[in-house]
Enquirer: 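Just passing along the structure, written as structure tokens.
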Amino acid sequence: MTVLVQGLDVALGGRRVLKGVSLDVPAGSWTAVIGPNGAGKSTLLRAVLGLVPSKGEVTVAGVDLGKLKPRQRARMIAYTPQSPNLPVGMTVFDYTLLGRSPYIPHLGREGARDRAVTAEVLDRLDLTAFAARRLGHLSGGERQRVVLARALAQQTPVLLLDEPTAALDIGHQQQVMELIDRLRLSDELTVVTTIHDLTLAGQYADRLVLISGGRVAVAGEPAQVLTRSAVEEHFDARVRVTPGAGGRPVLSLERP
């Protein structure tokens, strides 16, 4: 489903964090939001979800999210925060089952379908063998897959992922990004991620949105956004940009 953000403004603690941000995310695509630290990337995702006060409009397939109740919104968009709260004593199965909350009646219990969906998601992410394991006994890469599993259990057409590769080594970064891309294509999901690694963003996303100073500085295909001049201007870094597989940009630091 298409995600359209128009004129989004967010003020936190008396400071304007986002200033008239607009995005057009086509259905089934992967958009990566990049930018320097403090640019407002995570705030953008939280504002789309209605987790922080904002002005502007956010629609999914033409439906205004601001007019939906939280449970209705949670059936359209799933979200993984950058630093999720993982109860160390909870099992992988029970944590993933939390993704079914939008479908479980208030004061009710999960049903057979909720448990079946949870089991299917764990199977797809190769986590069935971990179902009974406690979250506190997982590696970093395993935890990231479990967080993604909870989001997938919501069965939404849109995924918002805040730094899904944070604190992972290069091998696990690649595994997580490949997994996201495979799920996006197989389930026709619309994916929006924030991501710190510019080369990683350029290798996987269909479209990049560079936010700087709370505004959209440039948006487009990876090769249009990840230019030497744009990186120098907004990240204060000198880089060499070379074409990689499929012409996608690969960045390497240049020493002065």
Side-chain angles (χ1 to χ4, degrees), residues 5 8 10 12 17-18 21 23 25 29-49 51-52 78-86 139-148 151 159-181 183-184 190-242 244-245 248-255:
V5 178
L8 200 64
V10 175
L12 299 174
V17 180
L18 296 178
V21 170
L23 305 176
V25 184
S29 69
W30 184 341
T31 293
V33 180
I34 60 174
N37 291 338
K41 303 184 295 297
S42 296
T43 299
L44 171 60
L45 297 193
R46 290 171 58 80
V48 168
L49 286 157
L51 298 178
V52 295
Y79 166 66
T80 67
Q82 184 172 342
S83 301
N85 179 26
L86 298 178
S139 69
E142 291 162 353
R143 284 196 297 271
Q144 290 294 76
R145 276 193 289 152
V146 171
V147 170
L148 182 58
L159 288 180
L160 302 186
L161 311 176
D162 193 2
E163 296 285 357
T165 60
L168 296 181
D169 61 40
I170 189 170
H172 285 109
Q173 286 180 356
Q174 185 178 48
Q175 291 172 20
V176 169
M177 295 295 275
E178 289 287 345
L179 175 60
I180 293 169
D181 201 36
L183 293 168
R184 174 182 70 91
T190 303
V191 176
V192 181
T193 58
T194 63
I195 191 163
H196 193 73
D197 188 309
L198 300 183
T199 292
L200 208 56
Q203 293 301 301
Y204 286 93
D206 302 312
R207 179 178 173 83
L208 302 184
V209 177
L210 171 55
I211 293 183
S212 184
R215 303 181 186 277
V216 174
V218 59
E221 295 181 358
Q224 296 173 314
V225 176
L226 292 179
T227 63
R228 179 187 177 99
S229 59
V231 173
E232 183 171 356
E233 177 182 356
H234 298 287
F235 293 88
D236 193 26
R238 289 182 295 275
V239 297
R240 179 183 294 109
V241 183
T242 55
R248 289 175 174 268
V250 176
L251 279 63
S252 57
L253 291 175
E254 269 191 355
R255 298 190 64 179

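Residues take their numbers from the sequence shown, with the count starting at 1.
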Enquirer: Report the residue from I195, L208, V25, L44 that forms a side-chain contact (heavy atoms from CB on, under 4.5 Å) with V33.
Expert: L44
Enquirer: Quick check: closest heavy atoms across R248 and P222, and the distance to 0.1 Å?
Expert: NH1-CG, 3.8 Å
Enquirer: Do you know which two heavy atoms are closest between Q203 and P249, and how far apart they sit?
Expert: NE2-O, 3.2 Å
Enquirer: Applying side chain to side chain contact (heavy atoms under 4.5 Å, CB included), can you list everything that pairs with S83, at least two apart in sequence or on another chain?
Expert: none
Enquirer: How far apart are the closest heavy atoms of P164 and V176, and which atoms are they?
Expert: O-CG1, 3.9 Å
Enquirer: How far does CZ of R145 sit from CG of L179, to the nearest 0.5 angstrom?
Expert: 8.0 Å
Enquirer: Using 0.5 Å steps for rounding, measure from the CG atom of L251 to the CG atom of L226.
Expert: 5.5 Å
Enquirer: Is there a side-chain contact between L23 and T31 in this structure, where contact means two heavy atoms from C-beta onward sitting under 4.5 Å apart?
Expert: no
Enquirer: Taking all atoms of both residues into account, what is the closest heavy-atom pair of A201 and I34, and its distance?
Expert: CB-CG2, 4.0 Å
Enquirer: Does some side-chain heavy atom of L51 sit less than 4.5 Å from a side-chain heavy atom of Y79?
Expert: yes
Enquirer: Per the side chain to side chain donor-acceptor pair (under 3.5 Å) rule, what does the pair list look like for residues 191-200, sequence neighbours excluded?
Expert: W30-T193, D162-T194
Enquirer: Q82 vs S42, test: side-chain contact (heavy atoms from CB on, under 4.5 Å). Steps then yes/no.
Expert: CA-CA 8 Å; Q82 184 172 342; S42 296; 3.7 Å; yes
Enquirer: Which pair of heavy atoms, one from T227 and one from A223, lies closest together, and at what distance?
Expert: CG2-O, 3.7 Å
Enquirer: Nearest 0.5 Å, what's the OG1-CD distance between T165 and Q175?
Expert: 12.0 Å
Enquirer: Kindly write out the residues that satisfy salt bridge (charged side-chain N to carboxylate O under 4.0 Å, His left out) with D206, not counting sequence neighbours, or none if the list is empty.
Expert: R184
Enquirer: Quick one: side chain to side chain contact (heavy atoms under 4.5 Å, CB included) partners of V147, sequence neighbours excluded?
Expert: T80, P84, L86, Y95
Enquirer: Please list, chain by chain and in numerical order, all residues satisfying side chain to side chain contact (heavy atoms under 4.5 Å, CB included) with E232, sequence neighbours excluded.
Expert: none
Enquirer: For residues Q173 and L168, report the shortest heavy-atom separation together with the two atoms involved.
Expert: NE2-O, 3.1 Å
Enquirer: Donor-acceptor pairs are to be reported for all side-chain atoms of residues 210-221 against protein atoms at under 3.5 Å, with residues two or more places apart or in another chain.
Expert:
residue: S212; atom: OG; partner: H234; partner atom: ND1; Å: 3.1

Enquirer: Would you sort out whether L183 and V191 count as a side-chain contact (heavy atoms from CB on, under 4.5 Å), showing the intermediate values?
Expert: CA-CA 10 Å; L183 293 168; V191 176; over 6 Å; no
Enquirer: Roughly how far, to the nearest 0.5 Å, is CZ of R46 from CG of L18?
Expert: 12.0 Å
Enquirer: Looking at R255, is its backbone amide N or carbonyl O close enough to the side chain of R238 to form a donor-acceptor pair, meaning the two atoms are under 3.5 Å apart?
Expert: no
Enquirer: Calculate, to the nearest 0.5 Å, the distance between atoms OG1 and CG belonging to T190 and L160 respectively.
Expert: 10.0 Å
